[in-house]
Amino acid sequence: MNSISRFFCFCSGVHIDTLQKHPTEHNKYIGIGATIFFTGLFAALSGGYAMYFVFKGDSGAVLFALFFGLLWGLAIFNMDRYIVSSIDKNASTWKQIAQATPRILLAIMIGIVISRPLELKIFDKEIKERLKISYINSQRTRIDTLNNSFNRKYTIELNKLQESKTQRDSLASGIETDRQKLNYEIFGNKTTETSGIMGYGPYAKRKEVELQQRTQNLDTLNAEIRRMEGFVANRKEFDGLLSERLYTGRQLDSLTSVAGFADRNWALGQLSFNPDGTKDVTTALAVTFIGLLFIFFECLPVFVKMMSSRGPYDHAVANIETTQEYTSDKDKDFEVTVTDNVQETRIHTETEKRKEIIKGKAERDLQNYDWNS
């Protein structure tokens, strides 16, 4: 057995010295070990990628990602190795199923955890597009909210400005009409409101005076409108409306490139729906199948161990465990017997010692009695 085979056998959690005595079992446990190893490798890549986005922008992001990825991969590897090696092939089928059920549930949870960051990378382009839509909609909503708040706050001023603009437009339209009538009067164009006599007569002079007066009124109104517009513009700048703009394409690219793990995870969940809220079956199935693939890959070592028949290695392991249990029982019997014999000796010795003490005390009491007599 070469070093690579020994490594994969170690990954499967077998007793290598015992397995070497049964060459027919090598391929099975090498395959199980390789599956466990690559599951840990995928977990390391997934954890490192997720941690990279958590610390993205930090100077130590790559180091954090490498450290956490290695740590997470080793943790998943160790857990998978224990899960597979703890299934007893010498037990009955139902007992094996009972042993494997919680391990399969744990494997499903692990598969979901390690598949999510990899799904984020697989759908990276689609996620960025969905984030751009989200950022645009959020900014548009923010601008609309600010505008609505501003309109409610300055309702009187805005209504007055609108009335002034309406009055200005009406006055400007009237001035234009009167100027045309004045031209008709001067050049002798006959209408219902002109004399039809060419020349600069009294009617034309009166019309011109009225027109000049209305023009002055229009200039005064325009000045008032400009003053109110300046006031509104200052208030908008003070309230932050003028600084809010819809994002440009370059700004959206910058925002999506620094989006955090939570935003990207949210966008991945939104890929299953179209912008109008309907279900996007194709994308939803793609995301689901990729997740199921990693879940199946995580559960595969357990399934392989359960589906494999009881072989010479399992029989040898059962014999070794039986022998070790028998030896342990005999060691226990030995220690119990020795302890009992030692206890009896201690009891006998202590008994004799106390008898001697009592006997000596009785003799001294007798001598003192004779002397006093």
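For the numbers below, each heavy atom of this structure counts, side chains included, while hydrogens, waters and symmetry mates do not. Please read these numbers as outputs of a predicted model, since none were measured by experiment.
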**Complete:** Between the OG1 atom in T18 and the CD1 atom in I320, the distance rounded to the nearest 0.5 Å is 3.5 Å

**Request:** Please check if any side-chain donor atom of T337 sits under 3.5 Å from a side-chain acceptor atom of D340, or the reverse.
**Result:** no

If you take all heavy atoms of [X] and [Y], which pair is closest and at what distance?
| X | Y | value |
| --- | --- | --- |
| S12 | I36 | CA-CD1, 4.1 Å |
| T256 | K132 | CG2-CG, 3.7 Å |
| R81 | F10 | NE-O, 2.6 Å |

**Message:** Pair F123, L271 - check side-chain contact (heavy atoms from CB on, under 4.5 Å), show working.
**Reply:** CA-CA 9 Å; F123 293 98; L271 290 181; 3.9 Å; yes

Report yes or no: does [X] contribute a side-chain atom to a donor-acceptor pair with the main-chain N or O of [Y] at less than 3.5 Å?
| X | Y | value |
| --- | --- | --- |
| S328 | Q324 | no |
| N234 | G230 | yes |
| H15 | V317 | no |
| S254 | R250 | no |
| S173 | D169 | no |
| T155 | R152 | yes |
| T322 | A318 | yes |
| T39 | T35 | yes |

**Prompt:** Would you say S85 and V14 make side-chain contact, with heavy atoms under 4.5 Å?
**Reply:** no

**Request:** Please examine the side chains of P312 and E25, heavy atoms only from C-beta on, and report whether any two atoms are closer than 4.5 Å.
**Result:** yes

**Item:** Residue list, ring-ring contact (aromatic ring centres under 6.0 Å, His included) with F67, at least two apart or on another chain
**Value:** none

Below 4.0 angstrom, N of the basic side chain to O of the carboxylate: do [X] and [Y] qualify?
| X | Y | answer |
| --- | --- | --- |
| K128 | D124 | yes |
| E224 | R227 | yes |
| R130 | E126 | no |
| K165 | E229 | yes |

**Request:** Flag this pair as yes if the NZ/CZ of R140 is under 6.0 angstrom from the six-membered ring centre of Y135 and inside a 45 degree cone about the axis; otherwise no.
**Result:** no

**Asked** In terms of hydrophobic clusters joined by side-chain contacts under 4.5 Å, are F296 and I32 together?
**Response** yes

**Message:** Let me check something: do L268 and L293 share a hydrophobic cluster, defined by ILVMFWY side-chain heavy atoms less than 4.5 Å apart, either directly or through other members?
**Reply:** no

**Message:** salt bridge (Lys or Arg N to Asp or Glu O under 4.0 Å), that's the test. Do E356 and K353 meet it? Break it down for me.
**Reply:** CA-CA 5 Å; E356 291 295 330; K353 180 179 178 181; over 6 Å; no

**Worked verdict on I76 versus D80 for side-chain contact (heavy atoms from CB on, under 4.5 Å)** = CA-CA 6 Å; I76 298 301; D80 284 341; 3.6 Å; yes

**Request:** Fit a plane to each ring of F7 and F37, take the angle between them on a 0 to 90° scale, and name the class: parallel (under 30°), tilted (30 to 60°) or perpendicular (over 60°).
**Result:** perpendicular

**Request:** Report the C-alpha separation of E157 and M228 in whole Å, then their side-chain angles, then the decisive distance to 0.1 Å, and conclude whether the side-chain contact (heavy atoms from CB on, under 4.5 Å) test is met.
**Result:** CA-CA 8 Å; E157 290 81 357; M228 288 189 291; over 6 Å; no

**Asked** Given H315 and H22, is the side-chain contact (heavy atoms from CB on, under 4.5 Å) satisfied, shown in steps?
**Response** CA-CA 11 Å; H315 186 70; H22 307 284; over 6 Å; no

**Prompt:** Are Y29 and F8 near enough that their ring centres are under 6.0 Å apart?
**Reply:** no

